[in-house]
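Inspection log for the structure reproduced underneath, given as structure tokens.
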Amino acid sequence: MGASGRMDTLSRRGFLQGGIAAAVASASQVGAKAAPARRLPYGAAVALPDLRSDPRLAEAIAANCNLVVPVSELKWSDLRPTRQQFAFEGADAIAEFAKANGLVMRGHTLVWYAALPDWTKDIDSEAAAEGELRRHIETVVARYRGQIRSWDVVNEVIPDVVRSDRDRRPSLWSRWLGDRYIPLAYRIAAEVDPQAQLVLNEYDVEFATDESRAKRGALRDLAVRLKDGGAPLHAIGLQCHLRGGLPIDRDGLTRFVADMRDIGLKCLVTELDVIDQKLPADEDQRDRLIASQVREVLTAVTAPGPLDALVTWGLSDRYSWIQYAAPRPDHRPNRPLPLDWEFRRKPFMNVVEDFVGREH
Ligand code: XIL
């Protein structure tokens, strides 16, 4: 299939629900620098201070990615210094970088229990909570309408210990609004940008553990309820922060993705990396184990059909959150991502390319 044939397929597949694949196809036509042609959009999360301080990072993203996601520049903590203010400088700078390099941008995240600024503690009634949630979503989604084609609307609403499929994580939002803040957030986002792909993003649903199985059950329950209730939910985001050495539930994960597709949802891998805290010290051995775990999870989630996008939570090991979140007991540098500390390719990148298609 030629480049234009590929574009047609991507457009047809993605346009109705604002799929990110279609957005990538059109962005790569208008970008100052042509983004790599891929079967499947591939991108990385990036933090503005890293992008500004190390030109190698910008180069690596332009060379390897056709989409970017700000690590924290679209979180409440960054966007909302006070109750009155919106501070868009950081997110705008990443948006500019994306535009200049023909990259599509994903948005992360409109509603989360974490990264809330202190002033949100002053929210003290149902009306205030609904008002703040609405104003935030309306303002942020409107600002990036047309550029951010895919949003993690609600992030991490399933608790780590799930006792029933109905369990949801307590948060500021649930405290005042109960569970209804979840469909509400989707409705508001869709009102402001009917073209955007609206995603429900979750972690720790990939493993062959009781906890992971229970989280999958609750996530499935939530997705089904949202769809049954008519909420404009379009896709499931599987974060895929893999724990090195913890087995993937291949069958369970494939079944989960198939179930989601059956109710009309696309699937994205949104934050892939491998936490190598417990893996062997030897770097080659560690890199091989990491690559094979990545292959395993991608094989499982693509078995029912193609992903809509694949995103790693960073690109180079040098700029991974894992060095702070899960340092190794032997103090050796972590290696959770496709490129190493010097931006050299690792086996992880070969696996990514097997799934997204090589640059031509
Ligand atoms: C992480 C960032 O990478 C860190 O820099 C920050 O300190 C905490 O948040 N799941 C998510 C992301 O949805 O927002 C998190 O990002 C990683 C886990």
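Side chains are part of it too, since the values below use all heavy atoms of this structure and drop only hydrogens, waters and symmetry mates. Read the numbers this way: they start at 1 and go in the same order the structure lists the ligands and their atoms.
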Stacked cation flag [X] on [Y], 6.0 angstrom / 45 deg:
| X | Y | result |
| --- | --- | --- |
| Arg216 | Phe256 | no |
| Lys215 | Tyr203 | yes |
| Arg143 | Phe86 | no |

Using a strict cut-off of 4.0 Å, indicate which atoms of ligand 1 neighbour a heavy atom of [X].
| X | value |
| --- | --- |
| Trp112 | 14 (O) |
| Val71 | 2 (C), 3 (O), 5 (O) |
| Glu156 | 10 (N), 11 (C), 13 (O), 18 (C) |

Given side chains that start at C-beta, do those of Arg149 and Arg106 come closer than 4.5 Å, heavy atoms only? no
Would you indicate whether the side-chain heavy atoms of Ile236 and Val199 approach each other to under 4.5 Å? no
Pair Ser174, Tyr113: side-chain N/O donor-acceptor within cut-off below 3.5 Å: no
Below 4.0 angstrom, counting only protein heavy atoms, does anything approach atom 2 (C) of ligand 1? yes
Is atom 13 (O) of ligand 1 in close reach of the protein, with a heavy atom under 4.0 Å away? yes
Among all protein heavy atoms, pick the one closest to [atom] and tell me residue, atom and distance.
| atom | value |
| --- | --- |
| atom 4 (C) of ligand 1 | Trp321 CB, 4.1 Å |
| atom 11 (C) of ligand 1 | Glu271 OE1, 3.0 Å |
| atom 8 (C) of ligand 1 | Lys75 NZ, 4.2 Å |

Report the part of Tyr203 in contact with ligand 1, treating N, CA, C, O as backbone and CB onward as side chain, heavy atoms under 4.0 Å; options are side chain, backbone, both, neither. neither
Under-4.0 Å heavy-atom contact with ligand 1, by part of Asp152 that carries it: neither
Given side chain to side chain contact (heavy atoms under 4.5 Å, CB included), test Gln85 with Arg80 step by step and report yes or no. CA-CA 6 Å; Gln85 276 177 297; Arg80 307 298 307 281; 6.0 Å; no
Centre-to-centre under 6.0 Å for Trp151 and His234, is that the case here? no
Would you say Trp313 contacts ligand 1, with heavy atoms under 4.0 Å as the rule? yes
